[in-house]
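Comments concern the structure below.
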Amino acid sequence: MDHVAVYETQHCVRGGRAMKVGLFSLFNRVGAWVLLLFLVTPALIAIPVSLTPKRFLSMPKGEFSLRHFEKLFTSEEWLSSFFQSGVIAISTSVLATTLGTLCAIGLWRVSSKYSELVRAFLLLPLIIPQIISAMAFYRLWIPLGLLDSYAGLILAHTILAAPMVLITVSASLATFDPKLEQASKNLGASNWTTMRRVILPSIKPGVFAGALFAFILSWDEIVVTLFISKFSVYTLPRRMWNGIRENTDPTVAAAAVVLIAITFIAFVIFAIQSRRNANNSAS
């Protein structure tokens, strides 16, 4: 009877613990969704505003119109801004991903107290306020002749985005088994072959995530752009800024909806790619 009582007591304790864990997990999920809605809901206001039939920013009242989307995709100015932002964001993503990945692999291989100091220095663009970075770029780009140019914006955005790639790739390298690299070298592979066929495929999720974050950062960046671009380069965020400041054109809301859609699609692609990589790793 004593054994039965002990077993029942243990069973009740385990059941109580499982219930607490289940409730804690449920609260975590609910809290995560509430926080997500709290962060996303203000941005979603742009959707109904973009459907207003009026010529100024307002909520539609019983009548909807796509006139502002039509203007967005037929106006040469807006289409030019889309093209310029796309070119700058793609170029930034390629450069930042290449530099950030090489830096992360180099720091991972060195692995000393000095490498951590270098890593902290490389992460400074994420810590320094963007207004400070914008003024620094402005003062530096003038004598170099990079002000109001594609090269100037791409280089500035690359400096801002490379630390994000460094973080995501370093996180992937933290789970990489160094024995795989050693085995590759023991089989006669060169350093370049080992990095191309062993290291890079293993850290591909981190590289892809870094490229995605670099693209989004460049696509949405406005503070530095306002300082170092004037008339020759007119990105989409800059045109949206001027649209709000000068005449509160609802086309700005339509552009915001497009930006939200592109960002959402990019994260969906990232989620699908991450799940595919996880399935491939498991198999």
Side-chain angles (χ1 to χ4, degrees), residues 43 72-73 75-104 121-169 207-246 249 251-252 254-267 270:
L72 179 66
F73 292 111
S75 170
E76 292 184 3
E77 295 179 349
W78 283 99
L79 291 177
S80 174
S81 294
F82 267 108
F83 174 77
Q84 293 181 45
S85 290
V87 170
I88 293 171
I90 292 173
S91 301
T92 297
S93 180
V94 172
L95 285 176
T97 302
T98 302
L99 294 175
T101 301
L102 292 177
C103 288
F121 176 77
L122 294 175
L123 294 178
L124 282 178
L126 292 179
I127 303 172
I128 298 175
Q130 280 197 327
I131 187 67
I132 304 298
S133 299
M135 290 189 292
F137 285 131
Y138 180 79
R139 296 296 302 172
L140 181 62
W141 271 202
I142 290 177
L144 295 177
L146 295 175
L147 202 65
D148 199 19
S149 66
Y150 280 97
L153 267 177
I154 291 171
L155 286 175
H157 287 182
T158 299
I159 293 173
L160 295 176
M164 302 185 71
V165 181
L166 175 62
I167 291 175
T168 58
V169 175
V207 175
F208 183 79
L212 176 62
F213 291 143
F215 178 87
I216 293 175
L217 183 145
S218 176
W219 181 267
D220 292 338
E221 205 285 320
I222 180 61
V223 178
V224 173
T225 302
L226 288 175
F227 271 76
I228 64 176
S229 69
K230 299 298 180 182
F231 304 105
S232 299
V233 182
Y234 224 88
T235 62
L236 185 62
R238 181 179 178 85
R239 191 165 297 281
M240 293 173 65
W241 168 265
N242 288 343
I244 293 176
R245 188 183 62 177
E246 295 175 359
D249 187 0
T251 309
V252 174
V257 172
V258 174
L259 289 178
I260 293 172
I262 292 175
T263 304
F264 177 76
I265 292 172
F267 276 109
F270 171 68

In this structure, OH of Y150 is separated from CG of L155 (nearest 0.5 Å) by 14.5 Å
Under a 4.5 Å cut-off applied to non-hydrogen side-chain atoms, are S91 and V87 in contact? yes
In this structure, CG of D220 is separated from CD1 of I262 (nearest 0.5 Å) by 9.5 Å
| said: For the backbone of V94 and the side chain of T98, can you confirm whether one donor and one acceptor N or O come within less than 3.5 Å of each other? | reply: yes
Contacts of S81 meeting side chain to side chain donor-acceptor pair (under 3.5 Å) (sequence neighbours excluded), chain-then-number -> R239
Rounded to the nearest 0.5 angstrom, the OG-CD1 distance for S218 and I154 is 8.0 Å
Query - Side-chain touch Y234/E77, heavy atoms, less than 4.5 angstrom - result: no
Show your reasoning for whether side chain to side chain contact (heavy atoms under 4.5 Å, CB included) applies to L166 and L123.
-> CA-CA 8 Å; L166 175 62; L123 294 178; 3.9 Å; yes
Rounding to 0.5 Å, atoms CG (L226) and CD1 (I131) come to a distance of 8.5 Å
- Taking the side chain as every heavy atom from C-beta outward, state whether W241 and I222 have any pair of such atoms under 4.5 Å apart. yes
d(I128 CD1, L124 CG) to nearest 0.5 Å is 5.0 Å
Given the options T158, L236, T225, V233, I88 meets side chain to side chain contact (heavy atoms under 4.5 Å, CB included) only with V233
| task | Measure the shortest side-chain to side-chain distance between I228 and D148 over non-hydrogen atoms and say whether it is less than 4.5 angstrom. | result | no
message: Less than 4.5 Å apart, side chain to side chain, heavy atoms only: is that true for C103 and L122?
response: yes
Q) Run the side chain to side chain contact (heavy atoms under 4.5 Å, CB included) check on F208 and T97 step by step: do they pass? A) CA-CA 8 Å; F208 183 79; T97 302; over 6 Å; no
Practice item. May I ask you to test the T235-W219 pair for a side-chain heavy-atom distance under 4.5 Å? Key: no
Heavy-atom closest pair (A214 atom, S93 atom, distance to 0.1 Å) is CB-CA, 4.0 Å
Going through the distances and angles, do T168 and V207 end up as a side chain to side chain contact (heavy atoms under 4.5 Å, CB included)? CA-CA 7 Å; T168 58; V207 175; over 6 Å; no
*asked:* Using the rule given for side chain to side chain contact (heavy atoms under 4.5 Å, CB included), can you reason through L153 versus S229, listing the C-alpha separation, both sets of side-chain angles and the distance that settles it, and then say yes or no?
replied: CA-CA 8 Å; L153 267 177; S229 69; 4.2 Å; yes
Note: F215 and I90 closest approach over all heavy atoms is CE1-CG1, 3.8 Å
Indicate every side-chain donor-acceptor pair of residues 133-144 with a distance under 3.5 Å to a residue at least two apart or in another chain.
unit_1: W141; atom_1: NE1; unit_2: G152; atom_2: O; d: 2.9

Separation between CG (L217) and OG1 (T92), nearest 0.5 Å, reads 8.5 Å
Any sub-3.5 Å donor-acceptor pair from E221's side-chain atoms to V223's backbone N or O? yes
